[in-house]
Structure formats: C-alpha cells, structure tokens
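Quick notes on the structure that follows.
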Amino acid sequence: MKSYDHKKIEKKWQERWDTESAYRAEDDSSKPKDYLLIEFPYPSGDGLHVGHVRSYTAMDVIARKRRAQGRNVLYPIGWDAFGLPTENYALKTGKDPRIVTKENSDNFRRQIKSLGLSFDWSREINTTDPSYYKWTQWIFLQLYKKGLAYKAKTLINWCPKDKIGLANEEVIDGKCERCGTLVVKREKEQWMMAITKYAQRLYDDLDLVDYIERAKTQQRNWIGPSEGAEIEFAIKDSKEKIKVFTTRPDTLYGATYLVLAPEHRIIATLCASQTCTNRTEVDGYVKSALNLAEIERTIEGKEKTGVELKGVKAINPASKEEIPIYVADYVLGGYGTGAIMAVPAHDERDYAFAKKFNIPMKRVIEPIFRDSPTSPAKPDLPMEKRDAVCVIVRDPADNAYLCIQWKGDDHMHGLVTGGIEAGEDLVEAAKREVAEETGYKNLRRSRDSDFAVHSLFFHRKKMINRWARFRYVFLELENEERNLVDEKEAALHEVVWKRRDELNNFFSVIEGEFILNFIDNPDYIYTGEGILANSGEFDGLDSQDAKKKITKFVGGKIVTTFKLRDWVFSRQRYWGEPIPMIYCEKDGWVAVPEDQLPVLLPEVEKYQPTDTGESPLANIHEWVNTICPTCGGSAKRETDVMPNWAGSSWYYLRYTDPSNDKEFAAQENLKYWLTPASPSRSSKSEGGVDWYNGGMEHTVLHLLYSRFWHKFLFDQGLVPTPEPYMKRTSHGLILAEDGSKMSKSKGNTVSPDVLVENVGADALRLYEMFLGPFDQPVSWNSNGVVGMRRFLERVADLAVNDETKLEPALETLLHQTIKKVTEDIENLKLNTALSSLMILLNECEKTDSISTEVHETFLKLLAPFAPHLTHELWEQSGHDTELRLEPWPVADERKLKGTTAHIAIQINGKTRGEMEAPIDADKTVVENLAREAVAKYLEGKTVSRVIVVPNRLVNFVLTDTNS
RNA sequence: GCCGGAGUGGCGGAAUGGUAUACGCGAACGACUCAAAAUCGUUUGUCGAAAGGCGUGAGGGUUCGAGUCCCUCCUCCGGCACCA
C-alpha cells in the first residue's frame with residue numbers, strides 16, 4: 001500500500017467516536033483526574049485557520065496520552081459568543097448576532113470534529129444560552145451584594161463619528177478600530193467592579209501558581225504595585241487639603257509646586273474660593289483637557305500644558321514654603337490620588353513642566369558613588385569627609401576638556417579636583433585649583449551649575465579613606481596663558497586635553513559616566529537616590545532612610561498604590577448579558593430577584609447602538625419599563641450589558657456541571673475537578689484547572705478578571721480553591737508564510753479544511769505539532785505538510801512479522817523512544833517527540849520486518865498525534881480492542897542502555913577521533929582504548945590530564961611542549 | 001525609556017557544560033520509467049586536492065571543554081509606557 005485512504009479512515013473513526021461520546025469524563029472521585037482546558041475559539045464568521053488549531057491539537061495529545069495512562073480527563077469545549085469579532089461581523093453583514101453565533105458554532109463544531117479532537121462533547125456549553133446567562137447574572141448579584149459592583153461616573157472611550165462607547169480592545173493607537181476616528185474621553189455613569197480591592201492578593205498569589213513566566217510578568221506589570229507615601233499639603237487660608245502620592249518622599253523639600261489632574265474634584269472647590277483669580281481660565285483648561293483625544297494627550301514628547309490656580313497656594317509641609325498649584329494633564333486622574341508634588345530637580349516630567357512655566361527648582365538629592373573599582377575604600381580605616389570641587393574646563397577653541405592624568409602605578413584619570421578651604425567661594429576655589437594643578441589662569445564661569453556628588457574612595461597618595469562631596473564648576477578657557485606649575489605638582493601628574501569623544505573611555509573615576517551626562521546635557525537632572533541636601537534636619541541622610549523619616553515627620557502614610565484600575569463593567573451595546581438591575585425613583589438601584597433570573601435580551605429591530613450613546617436596549621420600552629421589586633411601583637431596567645469578559649470569567653467552573661439549574665455548579669463537582677489529584681507538593685498553592693492553555697492575547701485581562709471572580713467566589717465559600725488555574729501555558733502564533741499575522745482581512749489564511757481534504761487530519765495534526773517549539777511563533781510552510789504525509793504512509797507500510805525477533809539495538813532505541821515521547825509530551829516539546837518517533841521509524845525500516853511488540857508500541861506512542869491512522873492499523877492487525885483504551889507504554893529502565901557507547905576522543909578539547917566502547921566500562925579501560933585510537937596524536941607529547949565522561953567522551957589534555 | 005523573549009545551514013528547527021546542525025523541508029546526483037510524477041538510494045555548514053583549518057549575532061571572560069555559564073555591546077520580536 002503506497003498510499004492510504006485518509007478520507008475513508010478518518011470518517012470511519014470520527015463517526016465511531018462521536019456516536020459513542022467516547023471521551024466523556026466521569027465525576028468519579030475514586031479516579032485520579034486531570035482537568036485540561038483551552039480557551040474558547042473566537043467565532044467571527046471567518047472560520048478556523050491552521051493557527052487556531054495548534055493549541056487544541058497540543059492539548060489533545062496531552063489528553064489522549066493521560067487517558068491512556070489511566071487518568072480521568074476532562075477536556076471540554078464551549079462557545080464564547082461574546083467576542084467582539086462576532087458583533088463586528090454581525091454589524092458588517094447586517095445579520096442578527098444570535099444567528100451569527102449559531103451559524104458559527106455549527107461551523108466550528110464541524111471543523112473541530114473533522115480534526116479528530118477528543119473533546120468531551122457531553123459538556124459542551126455556550127455562553128449565550130439562557131441557563132448560562134442566569135448564572136453569570138447571579139454571580140454579578142453576589143458581587144453587587146458585597147459592594148464589589150457599583151455604579152460610578154467614569155470616562156469612557158467615545159468615538160465621535162460612530163457616536164458609540166468603545167471597549168478598550170476596540171481602540172487601536174488611540175483611534176476607533178472601525179473608522180479610524182480619534183477617540184475622545186466622555187463622562188458616563190457605568191457599572192464598575194472593585195477589582196482593586198483584590199489587587200494585592202492578585203499580585204501576591206501569582207507566587208502560588210505555575211504560569212509561564214511571561215504571563216506572570218505581564219500580570220505583575222498590569223497590577224503594577226508601587227510603594228510610596230501619601231502626604232497632605234495644606235492650602236493657605238483654607239481648610240482644604242491636597243493629598244498627593246509619591247514614591248519619593250525623600251525629595252519633599254524639593255517639591256516646589258503641586259499638580260492636580262484635570263479630573264481632580266478639588267479644582268472646583270478651589271476655583272470657587274475667594275482668592276482664586278483665574279477661574280474661567282482654569283475651567284476652560286479642564287474642559288479642553290478632558291475632551292482631548294486620547295492620542296494627543298499621551299503622544300510622546302508632547303509639550304506639557306497646564307494652568308496655574310492663581311491666588312491659591314499650598315504649603316510644603318516640610319519646608320513650610322508657599323508653593324503654587326497647577327492643573328495639568330500630565331498627571332493622571334486615575335492613578336494614586338490624582339495629585340502630585342512636583343520635584344523639578346529630580347523628575348524629568350516635572351522639570352520639563354517647570355522649565356516651561358519658569359517655576360524654580362531646588363536640588364535636594366546628591367548622588368553617591370561608593371566602592372570605586374580602581375581605589376575602593378578600605379573598611380578598616382576611618383573615613384574622612386571633605387568638601388571638594390571638581391572643575392570642568394572647556395577650551396572653546398577646539399572643544400577639548402582639561403584632564404589630569406596621574407603618574408604612578410594606578411594611572412588615575414580624571415578632572416581637576418581639590419578641596420575647598422573654609423569660607424572660600426566655590427568658583428574661586430575652582431579657579432585656584434586649576435591654576436595650581438595646570439597653570440591656566442584666565443577662565444570664566446560658563447554654566448550655572450550646582451551639582452554635587454559624593455564619592456567614597458581610598459586616597460592612595462594620602463593613604464586615607466575619603467568621603468568627598470564634589471561640587472561641579474563649569475569653566476571656559478579664555479586664553480592659553482598659563483603660569484609654571486609647581487614642581488611638586490608637576491611630578492604627580494600631567495595635564496592633557498581631551499576631545500569630547502575621547503572622554504568616553506578616559507575617566508577611571510566611578511562618577512565619570514555621571515559627569516559625561518551633564519557635560520552633554522545642560523538639562524540633565526538626577527532622578528536616582530542619594531544623599532539629602534537642602535532638607536533641613538534631614539541633610540546628610542540617604543534616600544532610603546529619609547523616605548521613612550520625612551514621611552513620619554509630616555504625618556504622611558506609607559502606602560502601596562496600584563496601576564490596576566477598577567474594572568468598567570458596562571457596555572452600551574445590544575450584545576451581552578443584561579446587567580440584572582432595576583432603577584426605581586423611590587428605592588434607587590434594586591437587584592433583580594434571583595428567581596427572576598435570567599434577564600434575557602429582547603428581540604430588537606436594530607441592534608446598532610443609539611445616537612445618544614445608550615444601549616440599543618434603551619429604545620425597547622416594553623422591556624425597559626418594569627416593576628420595582630421592592631415597592632412594586634414603576635421602574636426601569638438597566639440597559640447596559642456586561643462585557644465579553646463576564647461569561648468567560650467563570651466558564652471553567654460551568655464545565656464541571658454544565659446543565660445544573662440549581663446552582664452554577666455543584667460543590668462536589670467543583671471539588672473533584674478543581675482540587676489536585678495528589679494533595680502533596682505544597683500547601684495552598686494547588687488547586688484549580690490542572691492545565692490551561694490559550695493565546696497570549698488573553699494572558700492579561702481575561703486571566704486577571706477570572707482570577708478576581710474566582711477569588712471572590714472563594715471568599716464566599718463557593719469554590720474550593722483560591723486560584724482558578726494551576727498551570728497556564730501559551731502557544732505561539734502560527735504566522736503566514738511571509739511572517740505576518742494570519743487574518744481573513746489580509747487573505748493569507750490557510751484553512752484546515754483544505755488540508756484535511758488533501759492530506760488528512762492526521763498529517764495536519766502532525767505538522768501543527770512538528771512546526772517548531774510550541775510556545776514560540778512559527779511561520780506556516782505548506783510544503784512541510786507533505787513530509788508528515790510521507791511519514792504516515794511509511795508507518796502504514798511497515799512490514800510486521802510475528803516471527804521477527806527483537807534486535808537488542810532496536811530494543812534499546814524503542815525504550816529510549818518511549819521515555820523521550822512520554823516526557824516530551826508533558827513538557828509540550830511535541831516537535832522533538834515526533835522527531836524521535838521518526839528516528840525509530842527510520843531504524844525499523846532498515847530491517848526486513850519488525851516484531852509485533854515494536855509495532856504495537858510504536859502505534860501507541862503515535863496514537864495521540866495521529867489517532868485515525870493508528871487506530872485503523874491497530875484494528876487491521878487483528879485487535880478487537882480500541883487503541884485509545886490500551887495502556888500507555890512504560891519504558892524499562894534496564895533496557896534504556898545499549899551494550900556499547902559511542903565515545904568521542906578529544907585532544908585539548910578538540911575532537912580527534914571516536915570509538916565504540918562497552919557501556920559503563922571502567923575509566924581506565926576507556927582511557928586505554930582511547931589512547932590506542934588517537935595514538936598518532938599523542939606520540940611524543942606529555943598527557944597532563946585525562947578527563948573521562950562516562951559513555952560520552954575522553955579528553956586528553958597535553959602540556960604545551962615546544963609546539 | 002522600562003520589563004520580558006529570541007538570534008544556530010538554503011528554510012523550520014535539535015542539542016542535562018561533553019562529537020554543533022538531530023528530525024523534517026528544499027536542493028543536487030543516481031535507480032526505476034518511453035517520459036514525468038511518485039517512490040527508493042547517495043550527497044548536502046564553510047575554506048581546502050588532501051592533511052587540516054574555520055564555524056551557533058559581535059567582542060571579552062570562566063573551564064580540560066561553551067550554542068549552553070558570566071560581563072559588555074548589536075539586532076529582531078512581544079508587552080507596558082507622562083504610573084509621580
């Protein structure tokens with residue numbers, strides 16, 4: 001048989017598995033279980049392409065293998081119909097999204113079944129089913145009852161052209177995804193989820209789970225905790241206070257103004273006060289700032305804008321100085337307290353703003369350099385402090401800098417430096433040092449700079465430890481006139497002029513890099529930590545110490561702030577679970593009673609959003625108008641619906657009990673599927689879906705939202721584990737052949753249907769797995785599929801003979817392959833698992849026929865990858881059992897090693913020969929064999945050392961005799 | 001800018017600090033064929049006639065031995081970004 005009939009074989013087996021519901025998992029607590037999950041497919045009307053299939057196939061391989069290992073595997077599939085693609089597709093085609101959803105899921109079901117994936121179809125769920133709506137709404141109500149769902153005014157992304165609110169994922173580069181119009185912010189009252197209350201736990205508990213590092217990092221960045229202090233600034237002649245958040249309370253003395261975000265509530269109050277003189281101007285600024293298109297507001301390098309609240313002053317609580325208050329959009333309303341203390345000397349943004357508005361700056365932090373690499377301080381000697389000056393002398397004639405090169409062993413390279421005498425003027429001291437060390441006498445100050453730097457080092461000439469506080473003076477050479485340098489000085493060092501580019505590698509002092517920074521950049525400001533100055537009683541402390549002390553001094557509070565914001569849960573569209581809330585004039589917001597759930601979407605003529613920005617549901621009066629559950633009076637339903645994330649936040653729970661009408665899932669089912677099979681490794685870290693695989697695009701928001709809901713349900717005692725997913729992996733995208741992303745709009749998709757038709761599902765599955773490392777993106781190459789087809793044909797052609805005896809060499813390889821395939825599948829190294837199967841096949845083909853034992857083992861190992869053909873071959877070789885029910889092969893440890901080892905022989909690490917030696921032979925035996933094999937290289941040489949790595953190599957190290 | 005990840009033949013890629021390029025694709029040659037396709041066999045990093053050099057983004061280091069570990073740099077990809 002040169003070619004097998006994949007269509008016939010695949011049809012036969014797919015029918016058999018479908019009718020028997022072959023892969024149904026049991027809620028049987030006596031069996032060890034595995035709960036494998038993949039993310040919903042995203043039905044968008046475009047159908048699956050080969051990129052979608054990769055994840056399903058990989059998890060299918062794992063599921064099949066684990067079933068064969070006797071585990072009860074739950075590998076469910078469902079349909080998330082809330083994806084934006086569905087709605088956009090429906091809008092584009094004018095179809096009812098519910099019909100689109102139905103068509104899509106039918107199509108996807110057909111496509112997925114054609115691949116022979118072993119999903120448990122008995123647990124299929126669809127998040128648009130009324131029964132699913134019901135429990136999503138029920139969970140919402142639990143959150144509402146605990147105060148975690150609340151209504152608040154927020155700014156939403158607003159597309160001025162389409163007149164609709166946009167979800168974050170519909171905004172690309174600040175523009176509306178559909179029409180490209182710049183998005184603006186608009187205030188709207190929306191339902192919110194207090195996810196920030198869980199921020200710390202969502203952050204900390206990442207340590208309990210086994211996610212790919214990338215996913216963890218992204219979660220951490222998104223939650224973005226930062227430690228700092230909240231400090232209150234009093235307002236002059238007012239009882240109002242402004243609370244700011246800062247990570248640098250050590251710079252408080254340098255805070256020369258405050259900035260409020262345009263959204264800040266206090267602006268209105270302050271404007272209304274008697275003293276404020278530019279109320280209208282401020283009003284105008286706030287309005288325009290809030291209306292600014294998002295992209296304009298965040299554009300890089302955008303000139304800072306803002307307006308001063310004239311006539312209103314704040315008091316710096318540390319220095320007691322009066323400082324101005326500004327409103328500026330470079331401060332974000334949603335982060336921290338929406339107000340900052342601006343320290344222009346130590347923050348680049350504040351500096352840029354202060355420069356534009358001519359606000360004075362005050363340096364309060366001086367960098368410190370310890371542990372000089374060339375001359376570190378000696379810990380046993382005392383430290384001597386000194387005020388010193390470091391002079392940057394530039395010769396404008398040839399743009400060169402005056403440098404000092406010390407004579408002697410250490411070759412110190414630096415600038416002119418020296419001590420400042422008591423009472424001496426800084427610039428005078430600088431000029432004096434230049435004159436003493438170099439003789440130049442006509443200099444003028446060229447730049448106003450009062451940088452100071454602390455440097456700790458061992459002074460070799462004076463044999464003392466020195467803590468020098470260098471102050472920097474910029475001088476310019478007026479002319480070349482110079483005096484003779486004192487002989488003693490001249491003996492110590494010489495004077496050299498260095499061009500700017502020569503300075504890069506010139507300085508040997510540790511602060512060299514730092515000096516170059518502010519030579520190059522007159523606007524250089526230091527944003528790091530250091531030693532405090534100009535800070536009253538805190539002068540001389542280091543930043544770390546000062547942070548705590550200054551915060552305490554001004555009555556501030558150490559707090560952790562998060563980047564994470566509360567979750568905007570409302571959507572103004574047709575498509576989504578209605579938020580089950582009713583508004584009554586008398587009773588306010590009232591929850592829909594649980595026995596009235598689910599609240600379903602009404603039939604509508606048009607499901608396009610309305611012009612007013614309200615949900616299309618707002619126009620359906622018979623649906624909106626209802627009765628208040630509390631007072632029985634007339635009331636209105638909430639017309640906002642939930643985001644697509646809602647249903648997908650808990651779907652893994654529903655799979656455990658998909659048709660339950662009494663609760664979202666029975667506790668015993670949750671307990672069985674979520675708690676680990678072997679409660680051993682660590683204490684509370686375990687539990688949740690055993691293995692969750694999905695695309696990288698869902699590792700931030702979806703993962704975060706579902707973790708939040710899960711933690712909430714855990715707190716209510718409704719789920720048994722604190723985390724929803726134990727292990728999370730992510731597949732790399734499959735890119736088009738040119739390396740670009742596959743998408744229908746680009747027309748570069750490759751449909752699995754075509755490949756299933758032409759080469760069969762098995763060959764396609766194999767190639768999906770063989771393409772490359774599972775977690776990395778790979779480019780699709782249609783030529784590669786034929787290799788997999790060839791491989792399968794050769795498998796089908798294997799000659800099997802009962803009489804054939806198992807050769808020892810083949811037996812060794814067989815067991816090595818069992819081990820390799822078993823391990824590689826668990827580690828998702830499916831490409832190398834397959835390659836080892838190919839190696840085994842290559843070896844099998846070298847003999848006339850193989851034994852039944854080899855053949856059967858081979859089929860078992862290949863079965864998870866290519867289920868159809870392997871099952872067929874199994875049946876053809878006379879078995880009346882099904883291959884998938886056969887136990888997984890186990891490698892015999894004793895047979896993993898052959899009788900001989902192939903050993904490399906190296907001379908000085910270079911391979912010079914190779915040989916066969918008995919396995920695990922004695923070192924001296926191997927060494928002697930190796931000596932014979934490379935005798936010609938060893939002749940006349942002295943072997944100083946021999947390294948023998950058992951069963952791998954022998955390395956002779958020769959001493960270098962007159963080579 | 002910050003945080004991740006990755007740079008290996010013509011291509012996808014393999015390699016617990018131990019013979020770099022397994023496995024597959026492609027290509028060349030040969031066999032079969034009237035012929036082509038398919039299939040089978042051989043070859044396939046590079047320089048060299050050979051011996052032997054040289055080779056895993058660049059440069060250093062550790063080591064008997066480095067694709068792998070350490071330092072510096074370059075390039076590409078992904079995420080975040082006025083987060084105080």
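Only this structure's heavy atoms are used, side chains among them; waters, hydrogens and symmetry mates stay out. Because the structure is a prediction, the values reported are computed rather than measured. So that the names make sense, note that chain A is the first sequence line, chain B the second, and so on, each numbered from 1.
- Applying the salt bridge (charged side-chain N to carboxylate O under 4.0 Å, His left out) definition to pairs two or more places apart or across chains, those involving residues 244-260 of chain A are A/R248-A/D250.
- Residues passing the side-chain contact (heavy atoms from CB on, under 4.5 Å) test with A/A339, sequence neighbours excluded: A/I242, A/V244, A/L260, A/H264, A/T337.
- Considering only the side chain of A/R912, B/rG53 comes nearest among B/rA84, B/rG53, B/rC82.
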For nucleotides 74-79 of chain B, print each protein N/O atom paired with a nucleotide N/O atom at under 3.5 Å, atom names and distance only.
none

Got a list of protein N/O to nucleotides 63-65 of chain B N/O distances below 3.5 Å?
unit_1	atom_1	unit_2	atom_2	d
B/rC64	OP1	A/R945	NH1	3.1
B/rC64	O2	A/N955	ND2	2.5

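- Atom NZ in A/K819 sits roughly 10 Å away from atom C1' in B/rU16 (whole-Å rounding).
- With sequence neighbours excluded, the residues forming a side-chain contact (heavy atoms from CB on, under 4.5 Å) with A/M361 are A/P344, A/A345, A/Y351, A/R363, A/I525, listed by chain and number.
- Neither OP1 nor OP2 of B/rC3 sits under 4.0 Å from any side-chain N or O of A/K563.
- The side-chain hydrogen bond (donor to acceptor under 3.5 Å, both in side chains) check on A/S849 picks up A/T804, with sequence neighbours excluded.
- With sequence neighbours excluded, the residues forming a side-chain contact (heavy atoms from CB on, under 4.5 Å) with A/E39 are A/Y651, A/Y692, A/H698, A/H702, A/R728, listed by chain and number.
- Judged as a side chain to side chain donor-acceptor pair (under 3.5 Å), the pairs with a partner in residues 904-915 of chain A (not counting sequence neighbours) are, in order, A/H902-A/E914.
- Pairing of B/rC2, defined by two Watson-Crick or G-U wobble distances under 3.5 Å, is identified with B/rG79.
- Partner assigned to B/rG67 is none, using Watson-Crick or G-U wobble distances below 3.5 angstrom.
- Between the OH atom of A/Y330 and the P atom of B/rA81 there is a distance of 19 Å, rounded to whole Å.
- A salt bridge links A/K846 with A/E843: the closest approach of a Lys/Arg side-chain nitrogen to an acidic carboxylate oxygen falls below 4.0 angstrom.
- Between A/L798 atom CG and B/rC40 atom C1' the separation is 16 Å, expressed in whole Å.
- Distance noted for atom C1' between B/rU46 and B/rG55: 7 Å (whole Å).
- Partners of A/H815 by ring pair (Phe, Tyr, Trp, His ring centres under 6.0 Å), not counting sequence neighbours: none found.
- OP1 or OP2 of B/rC54 lies within a sub-4.0 Å distance of a side-chain N or O belonging to A/K910.
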Result block: side-chain N/O donor-acceptor pairs under 3.5 angstrom for residues 771-783 of chain A, not counting sequence neighbours:
unit_1	atom_1	unit_2	atom_2	d
A/W780	NE1	A/S782	OG	3.1
A/N781	OD1	A/N783	N	3.0

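- Between B/rC77 and B/rU8, the distance separating the two P atoms is 14 Å to the nearest Å.
- Annotated as anti: B/rG30, whose O4'-C1'-N torsion sits more than 90° from 0.
- Note: CG (A/L813) to C1' (B/rC23) measures 13 Å, nearest angstrom.
- By the side-chain contact (heavy atoms from CB on, under 4.5 Å) test, A/T247 pairs with A/S226, A/F245, sequence neighbours left out.
- For the pair A/N827 CG and B/rA14 P, the interatomic distance rounds to 14 Å; values are reported in whole Å.
- Closest approach to the A/L953 side chain among B/rA6, B/rA15, B/rU19 is made by B/rU19 (side chain taken as heavy atoms from C-beta onward).
- Look at CD1 on A/I734: it is 12 Å from C1' on B/rG12, rounded to the nearest Å.
- A distance of about 32 Å separates the C1' atoms of B/rG26 and B/rG18, rounded to the whole Å.
- Distance CZ (A/R220) to P (B/rC3): 15 Å, rounded to an integer number of Å.
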Short N/O separations, protein against nucleotides 24-30 of chain B, under 3.5 angstrom:
unit_1	atom_1	unit_2	atom_2	d
B/rC25	OP1	A/R790	NH1	2.6

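- Rounded to an integer number of Å, the gap from A/L771 CG to B/rC23 C1' is 13 Å.
- Nucleotides B/rG53 and B/rU43 are separated by 22 Å at their C1' atoms, to the nearest Å.
- Checked against B/rU19, B/rA6, B/rA84, the side chain of A/Q776 finds its nearest nucleotide in B/rA6.
- Under a 4.0 Å N-O distance rule, the pair A/E823/A/K829 does not qualify as a salt bridge.
- Ring planes of A/Y326 and A/F357: perpendicular class, angle over 60° (limits at 30 and 60°).
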